[in-house]
Amino acid sequence: MPSRDALPPLSCLRTFEAAARHCNFTQAGVELSLTQSAVSRQVKRLEADLGRPLFERSIEGLRLTPAGEQYYRVVRRALRDISDESARLRRHGNDLQLTLASSPTIASIWLARHLPDFQCAHPDIEIRILTVEDPYRLDLAEFDLGLYYYVADEVDPPGMLAEPVFQEEDVIAVCSPAYLERQGEVRDAADLLAHHTLLVVEDHFHDWLTWEAWYRALGLAWQSPTHRLRANSYQLLMHATLAGQGVTLGWARLLADDIEQGSLVQVLPYRLPSRGKLSLFSPRHRHLTPAMRAFRAWLLIRQGE
């Protein structure tokens, strides 16, 4: 067992790892919810304990010293190993257990329908689904892989890498056949605003998927709709759409099964290329287990076809 006196201040190691990875104290602070000055103090404390500088500081920014480079490799490997083992113990699982994090909408509309194909191909892998609406609130120790709609120019959720599942995606207007039977056909974009009920999500994670933005991006005349139904849950709005309560915006690939089966219909011919794409989130600094590798290969190869 290593001598306690030989160990550095352990609270400083995670801070050093983040600062070395970013080569920026401010960015490390954002990741760790610390101020820039707090990151700087912890790094200086670690340097004092080791008796040598880990960073070269200049007006151009930060750069690791040779000793800092070597120490960073050791610390990164040690923290990754601790994280992997801690995650495994917290889940009380093994290499053939897979926890998938997803939004409630994707989990209920898409993931639950496609998982049987994966389970048929890999009957030995035990699946657990964790629903969390906001990927930025995910705890990396609680899940293995995530499925979320992700906008490529946004900041990646901390500690995760996003890979698109669908290479192309469009946003379309949909409703149920029962709604059209009750309210009549949607003649055009102006008729939709004047005589039909638009379902509107009030969740800020979907601000880029608004009716007004959809209309304007397609060059269509916009005015406030006569009838609206609002909800703060996109999953709730999709259930309302399927129940015939109005027209909503949705992703064509995500809703492809419902459209093919006839439970949803596209009410206007317009398709807007989506900024967001269904993406697989993988932890950046964890070893992929056999179950994680199997799911990633199945998802990206099968759904990318």
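Taking CG of L278 as the reference point, atom CZ of R253 lies at 9.0 Å (rounded to 0.5 Å). Here the CG atom belonging to L198 is positioned 8.0 Å from the OG1 atom belonging to T248, to the nearest 0.5 angstrom. In this structure, the separation between CE on M160 and CG on L280 is 11.0 Å, given to the nearest 0.5 Å. Taking CD of Q97 as the reference point, atom CZ of R128 lies at 7.5 Å (rounded to 0.5 Å). If you take CG on L147 and OG1 on T131, they are separated by 13.0 Å, rounding to the nearest 0.5 Å. If you take NE2 on H22 and CG on L32, they are separated by 7.5 Å, rounding to the nearest 0.5 Å.
The stretch residues 257-266 participates, sequence neighbours left out, in these salt bridge (charged side-chain N to carboxylate O under 4.0 Å, His left out) pairs: R113-D258.
No hydrogens or angles considered: a donor-acceptor pair under 3.5 Å links the side chains of R73 and Q70. S103 and T105 share no donor-acceptor pair across their side chains, judged by distance under 3.5 Å alone.
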- Worked verdict on F143 versus F281 for ring-ring contact (aromatic ring centres under 6.0 Å, His included): CA-CA 10 Å; F143 76 104; F281 286 2; 8.4 Å; no

- Message: As a quick check of understanding, evaluate side-chain contact (heavy atoms from CB on, under 4.5 Å) for Q183 and H196, giving each step before the final call.
- Response: CA-CA 7 Å; Q183 299 296 330; H196 293 271; 4.1 Å; yes

- Message: Under the criterion side-chain contact (heavy atoms from CB on, under 4.5 Å), I'd like the reasoning laid out for D170 against Y270: C-alpha separation, chi angles, the key distance, then a yes or no.
- Response: CA-CA 9 Å; D170 295 321; Y270 309 107; over 6 Å; no

- What do the steps show when you test R41 against T15 for side-chain contact (heavy atoms from CB on, under 4.5 Å), and what is the final call? CA-CA 10 Å; R41 286 196 300 272; T15 303; over 6 Å; no

- Query: Can you list the steps and then say if V132 with Y148 is a side-chain contact (heavy atoms from CB on, under 4.5 Å)?
  - Reply: CA-CA 10 Å; V132 177; Y148 286 88; 3.6 Å; yes

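Under the 4.5 Å side-chain heavy-atom criterion for Ile, Leu, Val, Met, Phe, Trp and Tyr, L180 and L255 are members of the same hydrophobic cluster. Taking hydrophobic clusters as Ile, Leu, Val, Met, Phe, Trp and Tyr residues chained together by side-chain heavy-atom distances below 4.5 Å, L98 shares a cluster with L96. Residues L236 and I106 fall into different hydrophobic clusters, defined by Ile, Leu, Val, Met, Phe, Trp and Tyr side chains chained together at heavy-atom separations under 4.5 Å. Hydrophobic clustering places L229 together with M238 (ILVMFWY residues linked when any side-chain heavy atoms are closer than 4.5 Å, directly or through intermediates). Put simply, L300 and F118 are part of the same group of oily side chains (I, L, V, M, F, W, Y) that touch within less than 4.5 Å, one to the next.
Residues C12 and V43 fail the side-chain proximity criterion, which asks for heavy atoms closer than 4.5 Å. Side-chain contact check for L100 versus D144: every heavy-atom pair is 4.5 Å or farther apart. The shortest side-chain heavy-atom distance between H122 and D124 falls under the 4.5 Å cut-off. Between Y179 and V174 there is no side-chain heavy-atom pair separated by less than 4.5 Å. Side chains of S282 and L145 form a contact here, defined as non-hydrogen atoms less than 4.5 Å apart. Residues V247 and W211 are in side-chain contact: their nearest non-hydrogen atoms beyond the backbone lie under 4.5 Å apart. Between L46 and Y71 there is a side-chain heavy-atom pair separated by less than 4.5 Å. At least one side-chain heavy atom of Y149 sits under 4.5 Å from a side-chain heavy atom of E169.
T226 contributes no side-chain N or O that, together with a main-chain N or O of H195, makes up a donor-acceptor pair within less than 3.5 Å. Judged by distance alone, the side chain of S279 and the main-chain N or O of K277 form a donor-acceptor pair under 3.5 Å. Panel note: side chain W214, backbone L249; no donor-acceptor pair is recorded below 3.5 Å. T197 contributes no side-chain N or O that, together with a main-chain N or O of H227, makes up a donor-acceptor pair within less than 3.5 Å. Under a 3.5 Å cut-off, the side chain of D191 and the backbone N or O of V186 do not form any donor-acceptor pair. R275 places no side-chain N or O within 3.5 Å of a backbone atom of V151 that could act as its donor or acceptor partner. Panel note: side chain E47, backbone L54; a donor-acceptor pair is recorded below 3.5 Å. S40 places no side-chain N or O within 3.5 Å of a backbone atom of Q36 that could act as its donor or acceptor partner.
Ion pairing between a basic and an acidic side chain is recognised when a charged N comes within 4.0 Å of a carboxylate O; R63 and E56 show such pairing.
Remark: R14 CZ is loosely packed, at most 12 non-hydrogen atoms of other residues, nucleotides or ligands lying under 6.0 Å away. The number of heavy-atom neighbours closer than 6.0 Å to CZ of R45, taken from other residues, nucleotides and ligands shown, is 12 or below. Counting heavy atoms of neighbouring residues, nucleotides and ligands inside a 6.0 Å radius, atom CD of E168 does not exceed 12 of them. Atom CZ of R228 sits in a crowded spot, with more than 12 heavy atoms from other residues, nucleotides or ligands closer than 6.0 Å.
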Name the atoms and distances for all side-chain donor-acceptor pairs under 3.5 Å in residues 215-223, with sequence neighbours left out.
{"unit_1": "Y215", "atom_1": "OH", "unit_2": "A189", "atom_2": "O", "d": "2.7"}
{"unit_1": "R216", "atom_1": "NE", "unit_2": "E212", "atom_2": "OE2", "d": "3.0"}
{"unit_1": "R216", "atom_1": "NH2", "unit_2": "E212", "atom_2": "OE2", "d": "3.2"}

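Minimum heavy-atom separation, A107 to S102: N-OG, 3.6 Å. Considering all non-hydrogen atoms of both residues, A231 and L237 come closest at CB-CD2, 3.7 Å. Between P116 and A112 the shortest heavy-atom distance is CD-O, 3.4 Å. P53 and T65 get closest at one heavy-atom pair: O-OG1, 3.0 Å. Residues I125 and A291 share a closest heavy-atom pair of CD1-CA, 3.8 Å. Heavy-atom minimum distance, L288 versus R296: CD1-CD, 4.4 Å.
Cation-pi geometry between R57 and F55 is not satisfied (NZ or CZ under 6.0 Å from the ring centre, within 45° of the ring normal).
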